[in-house]
Amino acid sequence: MKETKNWQEMGLTDTEYQLIVDGLGREPNYVELGMFSVMWSEHCSYKHSRKALKMFPTTGERVLQGPGENAGVVDIGDGLAVCFKIESHNHPSAIEPYQGAATGVGGIIRDILAMGARPVALLNSLRFGSLQNPRVRHLFSGVVSGIGGYGNCIGIPTVGGEVYFAPCYEANPLVNAMCVGVVNKNHLMKGQATGPGNLVILVGASTGRDGIHGVTFASEELSEASEKKRPSVQVGDPFMEKLLVEACLELVENDYLVGLQDLGGAGLTCATSETASRAGTGMEINLDLVPLREKNLTPYEIMLSESQERMLLIVEPSKENKVMEICHRWGLNAIAIGRVTDDRILRIFKDRKIVAEVPARMLAEDAPIYSPLAIEPDYIKEISSLNLDELSEVIDANRVLLTLLSSPTIASKEWVYVQYDYMVRTSTVIHPGSDSAVVRIRDTTKGLALTTDCNSLYTYLDPYVGGMIAVAEAARNIVCSGARPLAVTDCLNFGNPEKPDIFWQFLKTIEGMSEACRILQTPVVGGNVSFYNERSGSPIHPTPTVGMVGLLENIDKRCTLEFKNQGDIIVLLGNSFNELGGSQYLLLIHDLVKGSPPALDLQKEKSLLETLYQAINEGIINSAHDLSEGGLAVALAECCINGSLGARVALEKDNLRIDALLFGESQSRAVVSIMPDKIPSLWQLAQKNGLEINAIGYVGGDTLHIQVDGQEWVNLTIEEIEESWKKSIEKLMS
Amino acid sequence: MKFGVIVFPGSNCDLDAYHLVKDVLGKPVEYIWHQKNSVEGFDCLILPGGFSYGDYLRCGAIARFSPIMQEVVKFANRGGLVLGICNGFQILTEVGLLPGALLRNKDLKFHCQYVHVKVENVNTPFTNLIEPERILKVPIAHGDGNYYIDEQGLNSLSEKKQVIFRYATAEGTVSNEANPNGALFNIAGVISEKGNVLGMMPHPERAGEAILGSTDGLYIFQSLINSLERL
């Protein structure tokens with residue numbers, strides 16, 4: 001049997017080890033090797049993705065902080081800024097769903113806190129296999145409870161998100177958590193250890209053996225052996241984090257801090273080396289002072305522990321007492337464990353001996369950068385051809401509509417979001433279940449519109465177009481609530497980047513997203529990459545979750561998706577094409593994952609967004625809902641169900657197939673409802689923006705009735721469609 | 001007239017109660033830190049929702065030992081008005097100011113949703129501006145709201161008209177279907193024998209502005225203000 005070296009067991013390659021030896025000019029000791037292995041893991045170093053991520057546009061007029069800090073920050077006027085980030089917790093959730101998801105929420109909250117911002121909303125993006133599988137139900141139910149368990153307790157509303165179900169996530173579910181905070185611009189913090197002589201204070205939970213090598217675990221494929229890594233999953237304490245949030249914000253408001261950093265992946269190693277590296281300083285840390293949960297933790301364990309609910313404060317010595325007073329009032333342990341130095345070296349002491357001595361920058365920044373091989377996978381050609389002539393046309397559109405509405409991906413997610421406290425802080429003015437949630441900003445007229453989006457069937461079929469659509473759909477959702485899209489945070493979930501076909505998917509996705517972000521003027525201000533989402537060599541679909549934040553200047557202008565009044569005219573904005581590739585219709589009715597995703601013309605998307613934005617803000621329309629999975633018929637059904645109102649719709653077939661017309665997922669479309677006398681204003685707006693719009697019916701009655709060229713295709717009572725849509729997930733879970 | 005909102009470590013609806021009293025109702029209100037030893041100067045105390053001490057051990061079981069609780073008990077025994085919402089209700093049962101206990105929801109899940117409650121007794125300081133049998137639309141958000149009390153206790157509550165709110169349909173039917181958590185007798189809120197301490201699982205402070213979806217919670221606060229003004 002071949003002998004494995006220490007560094008191999010810790011996930012470093014022989015070349016990487018040699019780089020460490022060369023950089024240090026000597027062999028690292030065991031503690032140092034552990035520190036390098038976590039900091040140079042994919043999770044911390046972004047060594048495979050860093051180069052590709054440079055494609056993203058990251059600047060803009062309002063951007064105060066782009067990628068590189070704990071979270072992105074965007075100016076929203078009135079002296080305030082919004083701070084947000086999304087992050088994955090996929091691997092831990094696959095092993096221990098409740099704690100995996102809970103600590104994912106806890107971790108992303110600390111990222112926002114580290115910027116000095118008050119966390120005001122949480123979102124998530126979840127993906128699982130089929131709910132027919134009992135293990136998937138266990139994962140799904142555990143993840144939802146875990147998200148609720150943490151968010152509800154800490155008192156930050158979980159206001160939105162998305163849940164998809166597809167076989168590729170069966171063994172590797174995705175749990176992406178997003179947090180949004182609001183900060184007074186003057187109180188914006190950085191994770192920087194400036195000022196040699198300043199104190200390094202560790203506050204919050206004491207340090208235990210949990211989560212050691214969590215980031216290494218996150219940087220490899222899941223396998224049978226993963227179950228044994230359950231100890232790599234941390235355990236969350238939302239109560240402790242609530243105290244931490246209140247104490248840190250009080251410290252920030254009093255101007256007591258020089259720098260603030262959360263302890264997350266790679267624990268103390270990451271927090272110390274990153275803050276020192278960013279500031280161009282060094283640090284001396286005395287491990288004898290770190291509060292421990294049990295005796296006899298080794299320096300290696302203390303430096304690598306991922307115990308949750310800890311923050312690192314950089315404080316001027318003169319303010320130490322004041323800082324301690326606040327921390328103690330909140331019942332928190334706080335202790336100065338070291339000080340900032342000017343020699344750029346991170347020096348770790350235990351029992352008065354140096355146990356590690358490494359340049360901070362080398363740990364935080366000098367991991368090798370890889371440009372992996374990218375080759376178009378064979379499957380793309382195999383599945384991209386879809387001959388619609390060979391596809392049987394729809395016969396019973398009523399049945400198809402009910403099938404789509406009851407499929408867990410499209411069905412109401414009420415079973416999920418009622419387990420989240422989405423109202424706490426009494427600021428949620430558009431609740432979950434809408435195109436985007438809206439949270440008001442107290443003492444202003446403004447609101448933040450929030451959404452997470454990604455259709456990974458599209459990215460699987462064509463990563464470039466799929467990447468563009470993920471961004472465009474998010475923007476559409478934001479605008480449907482009446483807000484202007486501001487910026488993006490992304491969570492890029494992919495398979496193993498060392499495989500050329502996976503890396504090709506990764507590159508193409510980023511190219512597509514970047515293009516859309518440029519045209520729609522929504523820079524990427526932060527995010528996270530999660531690779532190695534594979535189980536036994538089988539990768540997930542490329543899943544670039546887009547978290548988007550929009551600004552509503554006046555929350556009284558907000559718009560929701562449900563029909564409001566009998567007699568309102570229903571107008572379809574945008575054009576429909578014979579596009580069925582990648583649609584839920586094709587998947588659920590014809591059992592096919594084939595074709596190209598719908599085409600996206602970003603200029604048309606802009607026309608749609610501009611028209612919607614103006615129409616809502618000028619008070620012309622009464623409801624707006626974007627068309628996505630399930631197409632026009634599903635969108636109309638959702639407007640009816642949520643408004644408890646029927647609709648009579650008459651469509652023209654033109655050269656379209658009936659299935660494409662009713663269930664196709666052509667992009668850049670929305671349905672709106674409008675008072676008849678406002679129609680001319682909407683037409684003017686559309687014309688000005690170069691957008692085609694068509695009146696297709698009116699709101700009324702208690703059925704959804706759709707005819708095409710005079711022939712009836714859909715005729716269902718609102719009760720029937722609601723029954724299919726609303727209780728579907730609940731039935732599968734009971 | 002001054003309201004006090006008690007803040008325990010882990011309270012998280014303190015801000016919402018404070019905001020409602022101050023910004024919506026325009027009445028004086030202050031936070032009271034749980035380690036304080038006095039409630040002097042306050043006319044009404046609100047124990048807000050949240051997860052005091054993380055709800056560890058048992059909801060409200062640790063908070064009841066906070067120094068401020070001795071003062072709350074004295075205040076209540078003097079006839080002062082105390083409103084416990086959600087976690088506040090749990091704390092009030094733990095400290096013995098209200099009878100019964102709040103168990104895990106019947107389906108073991110957290111529920112955040114609007115419910116309807118029927119007002120059973122309008123002759124209290126918390127409901128005096130409400131028409132008899134009026135239905136209020138108010139949200140709940142809890143994992144432990146399943147009210148329980150033994151048979152004798154339930155009979156006593158009914159006799160003394162201490163059951164103030166019961167889960168009902170929007171039309172006012174008290175039924176299993178309308179019961180979100182399995183609470184005995186659909187009980188959503190009870191009052192102390194003397195009628196000055198109310199505990200309720202629904203959150204009236206979340207139903208105080210039209211923009212949030214309901215203003216029915218205002219009836220309770222306006223009733224309170226009405227009682228205080230008459231004192």
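Letters go in sequence order (proteins before strands), and every chain restarts at 1.
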**Proximal component of T428(A), with respect to chain B [non-hydrogen, under 4.5 Å]** = backbone
**Request:** Decide, yes or no, whether a salt bridge links E241(A) with R110(A) under the criterion of side-chain N to carboxylate O below 4.0 Å.
**Result:** yes
**Asked** Looking at CD1 of I32(B) and CD1 of I46(B), how far apart are the two atoms once the value is rounded to the nearest 0.5 Å?
**Response** 9.5 Å
**Prompt:** Going by distance alone, is a donor N or O of one side chain under 3.5 Å from an acceptor N or O of the other, for N226(B) and N128(B)?
**Reply:** yes
**Fill in**
Honestly, the part of E205(B) sitting under 4.5 Å from a heavy atom of chain A is backbone
**Prompt:** What are the residues of residues 4-25 of chain B, in order of number, with any heavy atom under 4.5 angstrom from a heavy atom of chain A?
**Reply:** P9(B), G10(B), S11(B), N12(B), C13(B), L15(B), D16(B), H19(B)
**Message:** I'd like to know if E723(A) pairs up with K731(A) as an ion pair, taking the criterion as any Lys NZ or Arg NE/NH1/NH2 lying under 4.0 Å from an Asp or Glu carboxylate oxygen.
**Reply:** yes
**Asked** Do R58(B) and E94(B) sit within salt-bridge range, that is, some charged N less than 4.0 Å from a carboxylate O?
**Response** yes
**Message:** Under a 4.5 Å cutoff for heavy-atom pairs, which residue among S141(A), G155(A), P238(A), C153(A) has the most contacts with chain B?
**Reply:** C153(A)
**Message:** Looking at chain B, which one of M240(A), E246(A), R329(A) has the largest number of heavy-atom pairs inside 4.5 Å, strictly under?
**Reply:** R329(A)
**Item:** Passing candidate, side chain to side chain contact (heavy atoms under 4.5 Å, CB included) with S427(A), options V439(A), L448(A), V182(A), I555(A)
**Value:** V439(A)
**Message:** Contact between L212(B) and R206(B) at the side-chain level, heavy atoms closer than 4.5 Å - yes or no?
**Reply:** no
**Asked** Is chain B contacted by the side chain of I154(A), its backbone, both, or neither, given a heavy-atom distance below 4.5 Å?
**Response** backbone
**Message:** Under 4.5 Å from any heavy atom of chain B, what part of T426(A) do you find: side chain, backbone, both or neither?
**Reply:** both
**Message:** Taking the six-membered ring for Trp, are W725(A) and W415(A) closer than 6.0 Å centroid to centroid?
**Reply:** no
**Prompt:** With only heavy atoms counted, which part of Y53(B) is less than 4.5 Å from chain A, the side chain, the backbone, both or neither?
**Reply:** both
**Most chain B-contacting option - heavy-atom pairs closer than 4.5 Å, from H431(A), K242(A), M423(A)** = M423(A)
**Message:** Just verifying a value: how many Å separate R442(A) CZ and L80(A) CG, rounded to the nearest 0.5 Å?
**Reply:** 13.5 Å
**Request:** Look only at the side chain of Q35(B) and the backbone of I68(B), and say whether a donor-acceptor pair between them is shorter than 3.5 Å.
**Result:** no
**E730(A) with K727(A): basic N within carboxylate O range, under 4.0 Å** = yes
**Prompt:** Under a 4.5 Å heavy-atom cut-off, does chain B meet the side chain of R558(A), its backbone, both or neither?
**Reply:** side chain
**Message:** Please identify, among L243(A), V429(A), N152(A), the residue contributing the most non-hydrogen atom pairs under 4.5 Å to chain B.
**Reply:** N152(A)
**Prompt:** Contact part of Y422(A) toward chain B, heavy-atom cut-off under 4.5 Å: side chain, backbone, both or neither?
**Reply:** both
